[in-house]
Every structure is written in C-alpha cells, then in structure tokens.
Asker: 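Before I ask anything, let me first share the structure, which is written out below as structure tokens.
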Amino acid sequence: AGGALAGALLALTAFAAAPSVLFRVVAASVLASALFLRATYRAHRATRIALGLGIALFVASALGAGRISGVAIGLVATASLLGFMNDQTTGGCAWWGGLAVAVSAGSIALTTHDYPMVAAALVTMACAGVSAYHLAASVIAPAERDREHRVSLPPAPSNDHE
C-alpha cells in the first residue's frame, strides 16, 4: 500500500502544469479513501470526520468545472452524504467511492480532452484512494478489534411473547 501511494504521489507531479486537474485528482482520491473507510469501519468516528473533509474537497473541485461536470460532482457528493447514516449500514459508500473516481475522471476528460492525462489521472486516483484506505485501515483496525462492542449487524429481535 505504501508503494502504491508513493507511486500515486509521484504521478501527481505530472499534473503540476494543470492545477485544476491536480486538485480534482486529490479531491477524488481523498473522498474515495474516506468512503472506503466508512464502508469498512462503520462505527469509527474518525471515518465520518474524514468523510466530511472528503466531501468538502470534492465539492470544491467542482469550481471551474463545466455545468455537466459540476452537476455530476454535486450528485456524487450528495450521494456520499449517505455515509453519515447510522452504523448499521454502509450507506453504499464503496459504490460512491468508485463513482467519485469515475466522475472525476470524466470531468477531467470533458475539461482537457487530453486522454493520456485522463488515463493517468484515473490510475492515480484509483491507486491513491485504495492505498490511502489500506494505510488508514492498518492504523484503525487494531483499535477496532479491541473494542468490546462491534456494530455491523442489527441486534437479534427480542422475544416479547414469553
């Protein structure tokens, strides 16, 4: 995961000439990794904070995008708000993370029409999002394993008839 993240960070230097593309790549990567974390660690509070920051960055990346791209980014950001549902559900966060990467790549394609750059951005976002998720999960997982009460499924119904 560290090697993939280092490769993604190195690839980010290719977008230095286009700051708006760089910002969209970073915003989509942050949102995707936060959504993946929220899908896995439903009850962990820090994942919700990361999700809020990721959504804010992703919405800010719509500035300067065209109308179609801006609407698509807004719709994905709105769907990502489902990550703030209770810890009994994932809120579809893994799906929204993948969609954030795809929409951001589409936005870059509509803006630049430079398809090798779009391909590089897509690979960079996927690698950065997944590797950041793995690195954060390696920090969160030991604490989550030690918790007494894990919430992943609803409690069994009680038998009130007896």
Side-chain angles (χ1 to χ4, degrees), residues 1-12 15 21-63 65 68-110 118-157:
L5 186 60
L9 292 174
L10 184 62
L12 283 176
F15 307 117
V21 172
L22 176 65
F23 186 60
R24 283 192 201 138
V25 168
V26 169
S29 300
V30 170
L31 179 60
S33 63
L35 284 164
F36 297 152
L37 277 171
R38 172 61 179 92
T40 306
Y41 300 102
R42 301 176 193 175
H44 198 270
R45 293 208 186 272
T47 60
R48 293 173 196 265
I49 294 168
L51 181 57
L53 293 172
I55 291 171
L57 273 175
F58 196 64
V59 167
S61 76
L63 299 174
I68 294 172
S69 297
V71 168
I73 289 171
L75 288 174
V76 172
T78 302
S80 297
L81 290 173
L82 291 172
F84 290 104
M85 293 175 70
N86 69 12
D87 50 10
Q88 299 295 324
T89 180
T90 64
C93 288
W95 289 100
W96 308 132
L99 192 59
V101 169
V103 163
S104 190
S107 170
I108 293 167
L110 288 173
V118 173
L122 184 61
V123 170
T124 302
M125 287 183 285
C127 288
V130 172
S131 58
Y133 157 75
H134 279 290
L135 290 174
S138 68
V139 172
I140 293 172
E144 286 296 305
R145 281 190 209 110
D146 291 340
R147 288 182 58 182
E148 287 182 24
H149 177 69
R150 292 187 203 171
V151 179
S152 61
L153 295 174

Asker: Which pair of heavy atoms, one from Ala132 and one from Ser33, lies closest together, and at what distance?
Answerer: CB-CB, 3.9 Å

Asker: Identify the two heavy atoms, one from Leu63 and one from Arg24, that lie closest to each other, and give their separation to 0.1 Å.
Answerer: O-NH2, 4.4 Å

Asker: Provide the closest heavy-atom pair for Arg48 versus Asn86 in the form atom of the first, atom of the second, distance.
Answerer: NH2-C, 3.8 Å

Asker: State, to 0.1 Å, how close Cys93 and Leu35 come at their nearest heavy-atom pair, and which atoms those are.
Answerer: CB-O, 3.2 Å

Asker: Quick check for you: to the nearest 0.5 Å, what is the distance between Ser80 atom OG and Trp95 atom CH2?
Answerer: 14.5 Å

Asker: Determine whether Ile108 and Val25 satisfy the following criterion, side-chain contact (heavy atoms from CB on, under 4.5 Å), listing intermediate values before the conclusion.
Answerer: CA-CA 9 Å; Ile108 293 167; Val25 168; 3.9 Å; yes

Asker: Where is the tightest heavy-atom contact between Phe36 and Val130, given as atom of each residue plus distance?
Answerer: CE1-CG2, 4.2 Å

Asker: Grab the two heavy atoms, one from Ala109 and one from Val118, that are nearest each other, plus how far apart they are.
Answerer: CA-CG2, 3.4 Å

Asker: More than 12 heavy atoms of other residues, nucleotides or ligands under 6.0 Å from CD1 of Ile68: yes or no?
Answerer: no

Asker: Rounded to the nearest 0.5 Å, what's the gap from CD1 on Ile140 to OG1 on Thr47? Could you check?
Answerer: 6.5 Å

Asker: Any non-hydrogen side-chain atom of Ile55 less than 4.5 Å from a side-chain atom of Leu31?
Answerer: yes

Asker: Taking Ser104 for the side chain and Ala100 for the main chain, is one N or O donor matched with an acceptor at less than 3.5 Å?
Answerer: no

Asker: Quick one: does any side-chain atom of Ser61 pair with a main-chain N or O of Phe23 as donor and acceptor, under 3.5 Å?
Answerer: no

